[in-house]
Peer 1: 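Sharing a structure below in structure tokens format, with a few things to ask.
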Amino acid sequence: MPELPEVETIKRGLQDKIIGKVIQAIDVLGPRRLIGKREDVVGRKILAVDRRAKVLRVQLSGGTNLLFHLKMTGQLIYRPEIRNTKYEIRDSFAGGHPSHDWHADLPNSATRLVFTFDDKAKLFFNDLRMFGWCKVLTDEQVAKIFMDEYGPEPIDSDSGQALPDFTVPYLAAQAKRLPRRKIKQFLTDQKIIAGIGNIYADESLFAARISPLRPVKEISPLEWQNLRQSVVEILGLAIKNRGTTDSDYVDSEGKKGGMQNFLKVYRRDGQPCPENCGGLIERITLGGRGTHYCPACQK
DNA sequence: CCCGGCGCCTGAGGGC
DNA sequence: TGCCCTCAGGCGCCGG
């Protein structure tokens with residue numbers, strides 16, 4: 001499930017590949033994934049690719065934008081000039097390459113949108129469960145959404161440092177406003193902090209040794225300091241490792257991430273606590289989300 | 001304010 | 001093998 005590090009990884013990949021190209025066509029294979037008019041997009045040039053929270057923006061000429069949210073199972077996979085994908089796969093098998101990567105075979109049953117560029121390269125928007133979307137919006141609409149719907153970005157993805165708005169006083173002030181909310185739900189609230197989802201909330205809370213069940217009013221200043229630091233470190237590490245592939249996530253080249261090898265609690269219920277405290281990782285449901293933590297370490 | 005539940009979806013995985 | 005059921009989860013929305 002693409003969170004900040006996964007969308008950041010896709011963003012970087014696409015920046016290297018699609019900037020300067022002109023969108024020649026959009027094929028709509030899946031219903032209701034494209035919100036907006038194809039004709040507002042076709043013929044426009046790609047000026048930039050950026051990210052806010054878990055949202056990826058492709059900035060186009062003429063003050064137009066494509067906004068993507070990948071939700072659970074979304075993918076954005078770029079392929080340079082495809083003459084005939086199926087033939088290429090057949091060729092690779094004939095050449096004795098046994099590796100079978102189903103992402104090589106595009107479009108597939110999860111493909112909802114296909115963008116074709118002026119050099120015949122393609123961008124495939126896949127989304128198995130169809131929760132994701134692609135919206136066509138003006139610069140002003142994007143600016144308003146980015147301003148109104150998302151809290152501060154926690155990390156400068158280039159330097160790996162915390163961003164200036166993501167401070168302990170900010171977190172404490174938000175907590176004062178919503179004192180009874182549990183810390184996990186606080187962390188994953190996009191209006192409070194941008195880009196944290198289920199995986200990195202669990203991992204950050206483990207790193208800070210704070211129970212996901214704690215009401216935020218009980219979090220001490222020192223704990224806020226630790227938690228803020230943990231969020232920055234975990235997100236930074238996840239970006240370095242090109243994101244977590246749990247089920248569907250792949251980058252803009254269809255490659256898996258590496259962060260799943262460094263997760264300590266997420267989906268590790270039943271296993272011994274990695275801090276060797278003697279406890280076992282537990283899985284509970286919190287706010288309808290699977291939540292993984294060590295009840296012995298996390299207080 | 002907080003929480004639970006539903007809806008949106010489909011494939012994986014368990015039970016029988 | 002096969003069928004049915006549940007579950008997974010980001011996020012908006014609704015009702016208690």
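Reckoned from all heavy atoms, side chains included, excluding hydrogens, waters and symmetry mates. Residue numbering restarts at 1 for every chain, and letters A, B, ... go by the order of the sequence lines.
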Peer 1: Using side-chain heavy atoms (C-beta onward) and a distance below 4.5 Å, is A/Phe146 in contact with A/Leu67?
Peer 2: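 Yes, close enough: below the 4.5 Å cut-off.
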Peer 1: Less than 3.5 Å apart, which donor and acceptor atoms pair up between the side chains of residues 232-243 of chain A and the rest of the protein, not counting sequence neighbours?
Peer 2:
unit_1   : atom_1 : unit_2   : atom_2 : d
A/Glu233 : OE2    : A/Gln229 : NE2    : 3.2
A/Asn241 : ND2    : A/Leu237 : O      : 2.8
A/Arg242 : NH2    : A/Asp251 : OD2    : 2.5

Peer 1: As a test of understanding, state which of A/His292, A/Arg283, A/Glu282, A/Gln271 forms a side-chain contact (heavy atoms from CB on, under 4.5 Å) with A/Val265.
Peer 2: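 Single pass found, and it is A/His292.
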Peer 1: Is it true that, when you exclude A/Lys191 itself, more than 12 heavy atoms of the residues, nucleotides or ligands shown sit nearer than 6.0 Å to its NZ?
Peer 2: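 Atom NZ in A/Lys191 is not crowded, with 12 or fewer foreign heavy atoms closer than 6.0 Å.
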Peer 1: Would you mind listing every salt bridge (charged side-chain N to carboxylate O under 4.0 Å, His left out) that reaches into residues 159-176 of chain A, with sequence neighbours excluded?
Peer 2: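 As it turns out, there is no salt bridge (charged side-chain N to carboxylate O under 4.0 Å, His left out) pair with a partner in residues 159-176 of chain A once direct neighbours are skipped.
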Peer 1: Can you tell me how far apart NE2 (A/His69) and CG (A/Leu56) are? Round to the nearest 0.5 Å.
Peer 2: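 Interatomic distance, A/His69 NE2 to A/Leu56 CG, rounded to 0.5 Å: 11.0 Å.
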Peer 1: By side-chain hydrogen bond (donor to acceptor under 3.5 Å, both in side chains), which residues pair with A/Thr116, not counting sequence neighbours?
Peer 2: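 A/Thr116 satisfies side-chain hydrogen bond (donor to acceptor under 3.5 Å, both in side chains) with A/Lys122 only.
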Peer 1: Have a look at A/Gly290 and say if it touches a base, only the backbone sugar-phosphate, or nothing, with a 4.0 Å heavy-atom cut-off.
Peer 2: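 Sugar-phosphate contact only - A/Gly290 comes under 4.0 Å of backbone atoms but never of a base.
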Peer 1: Which of residues 167-187 of chain A sit near DNA chain B, with a heavy atom under 4.0 Å from it?
Peer 2: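 Result for residues 167-187 of chain A: A/Leu178, A/Pro179, A/Arg180, A/Arg181, A/Lys182, A/Gln185, sorted by number.
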Peer 1: Given a cutoff of under 4.5 Å between side-chain heavy atoms of I, L, V, M, F, W and Y, with clusters grown through shared members, what are the other residues clustered with A/Met130?
Peer 2: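 Answer for A/Met130: none, a lone residue.
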Peer 1: Taking the side chain from A/Arg214 and the backbone from A/Ile183, do they hold a donor-acceptor pair closer than 3.5 Å?
Peer 2: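 No, because the side chain of A/Arg214 does not come within donor-acceptor range (under 3.5 Å) of the backbone of A/Ile183.
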Peer 1: Compare all side-chain heavy atoms of A/Glu8 with those of A/Lys11 and state whether any distance is below 4.5 angstrom.
Peer 2: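 Side chain of A/Glu8 against side chain of A/Lys11, heavy atoms only: contact under 4.5 Å found.
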Peer 1: Below 3.5 Å is the cut-off: list the nitrogen or oxygen pairs between protein and nucleotides 7-11 of chain B, distance only.
Peer 2:
unit_1 : atom_1 : unit_2   : atom_2 : d
B/dC9  : OP1    : A/Arg32  : NH2    : 2.5
B/dC9  : O4'    : A/Arg129 : O      : 3.3
B/dT10 : O2     : A/Arg129 : NE     : 3.2
B/dT10 : O2     : A/Arg129 : NH2    : 3.3

Peer 1: Between A/Met72 and A/Glu149, which is nearer to the 5' end of DNA chain C once each is assigned its nearest nucleotide?
Peer 2: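 Looking at DNA chain C, the more 5' nearest nucleotide goes with A/Met72.
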Peer 1: Considering only heavy atoms of chain A and a distance under 4.0 Å, specify the first and last nucleotide of DNA chain C in 5' to 3' order that meet this criterion.
Peer 2: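 Under 4.0 Å from chain A, the extent on DNA chain C is C/dA8 to C/dC11.
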Peer 1: Which angle, rounded to 10°, do you find between the first-five-pair axis and the last-five-pair axis of the helix from B/dC2-C/dG16 to B/dC16-C/dG2?
Peer 2: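 Answer rounded to 10°: the end axes differ by 60°.
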Peer 1: Contact list please: residues 191-208 of chain A against DNA chain B, heavy atoms, distance less than 4.0 Å, in numerical order.
Peer 2: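 Per residue number, the list is empty: none.
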Peer 1: Where the side chain of A/Gln190 meets the backbone of A/Thr188, is there a donor-acceptor pair that is under 3.5 Å apart?
Peer 2: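 Yes.
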Peer 1: Listed by chain and number, what are the side-chain hydrogen bond (donor to acceptor under 3.5 Å, both in side chains) partners of A/Glu275, not counting sequence neighbours?
Peer 2: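 Partners of A/Glu275 under the side-chain hydrogen bond (donor to acceptor under 3.5 Å, both in side chains) test: A/Arg209.
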Peer 1: Check for a donor-acceptor pair, side chain of A/Gln141 on one end and backbone N or O of A/Thr138 on the other, with a separation under 3.5 Å.
Peer 2: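 It does hold such a pair.
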Peer 1: Can you list every pair that meets side-chain hydrogen bond (donor to acceptor under 3.5 Å, both in side chains) and has a residue in residues 256-267 of chain A, with sequence neighbours left out?
Peer 2: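 Sorted result for residues 256-267 of chain A: A/Asp246-A/Arg267.
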Peer 1: On DNA chain C, does the nearest nucleotide to A/Tyr150 precede the nearest nucleotide to A/Arg283 from the 5' side, or the other way round? Give the residue.
Peer 2: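 Its nearest nucleotide being more 5', the pick is A/Arg283.
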Peer 1: If a pair satisfies ring pair (Phe, Tyr, Trp, His ring centres under 6.0 Å) and one of its residues is in residues 223-242 of chain A, list it, with sequence neighbours excluded.
Peer 2: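 Qualifying pairs: A/Phe186-A/Trp224.
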